[in-house]
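Numbering of residues begins at 1 and proceeds along the displayed sequence.
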Amino acid sequence: TYVVGFMGLLGALFGRFICGWACPFGLYQDLLYKIPGKKFSIPRVLGYGKYLLLGLTVILLPLVVVNDFGIGLPWFCKFICPAGTLEAGLPMLLLSPDLRATLGLLFWNKLFLLGAYSLWSVLASRPFCRTTCPLGGFYALFHRHSLIRLKFTADNCTKCDACHTVCPVEIHFNETPQSGECINCLRCMTEACKFDAISLEFAGQPLGGKKEKAIQA
């Protein structure tokens, strides 16, 4: 209850800003995506995967499948999460070599998943965030109502679609400004939009933005 409440507080305050600015595995994927090569889009339907895993492995299974003490397993963290393997599992093995004797099928399965998502990250932008991460799915539920969020001003938009080309999660911000897939990286605002159609606000109050520029003929 404490953990869910704390996460809910973060979601209500920041929404998916956490995904765009505070997630180490997100940074890891961004760095891999910079490797030159052919890039591919991720089918939008795969985005529902993170909500399925949130409901199944984070909520349902831990509540239903419990041990004699009434405690459920952290299914996602134990069996799937490649971020935990990279950020905790591998460092623990480096710091405590004695643990290597305990490695089994579970570890090698997690290592395979880390390798698979790493390769996918070279070919497509942030695949884990977009298709699998239940925490991203949880924060996405707060996207429309978080205190800090991006605001779209339709009257300023020229429909140049510049925001489409810089988005790491391939959303069209000027068409779906309330999309829960948005990780609030701010690239659309700082790198693409020249007409102040996208701005940042806190509790409905503007936090700044670029000055609107006149449209050149």
Around atom CG of L105, are there more than 12 heavy atoms from other residues, nucleotides or ligands closer than 6.0 Å? no

Look at atom CZ of R44 and say whether more than 12 heavy atoms of other residues, nucleotides or ligands are closer to it than 6.0 Å. no

Counting C-beta onward and ignoring hydrogens, is there a side-chain heavy-atom pair between [X] and [Y] closer than 4.5 Å?
X: H143; Y: N184; result: yes
X: K39; Y: Y33; result: yes
X: K50; Y: T131; result: no
X: M7; Y: F138; result: yes
X: L150; Y: C188; result: yes

Side chains of residues 60-82: which donor-acceptor pairs under 3.5 Å do they make with residues two or more places apart or in other chains?
| from | atom 1 | to | atom 2 | distance (Å) |
| --- | --- | --- | --- | --- |
| N67 | OD1 | F69 | N | 2.9 |
| N67 | OD1 | G70 | N | 3.1 |
| N67 | OD1 | I71 | N | 2.9 |

Can you list, by chain and residue number, the hydrophobic cluster partners of L27 when the side-chain cut-off is 4.5 Å? L31

Do the ring centers of Y139 and F142 come within less than 6.0 Å of each other? no

Just how far is it from atom [atom1] of [X] to atom [atom2] of [Y], taken to the nearest 0.5 Å?
X: H172; Y: C167; atom1: NE2; atom2: SG; result: 8.0 Å
X: F173; Y: H164; atom1: CZ; atom2: NE2; result: 10.5 Å
X: L111; Y: L103; atom1: CG; atom2: CG; result: 9.5 Å
X: R16; Y: I183; atom1: CZ; atom2: CD1; result: 7.0 Å

If you compare all heavy atoms of K194 against all heavy atoms of E191, which two are closest, and at what distance to 0.1 Å? NZ-O, 4.0 Å

Which residue, C129, S125, S118, forms the side chain to side chain contact (heavy atoms under 4.5 Å, CB included) with Q29? C129

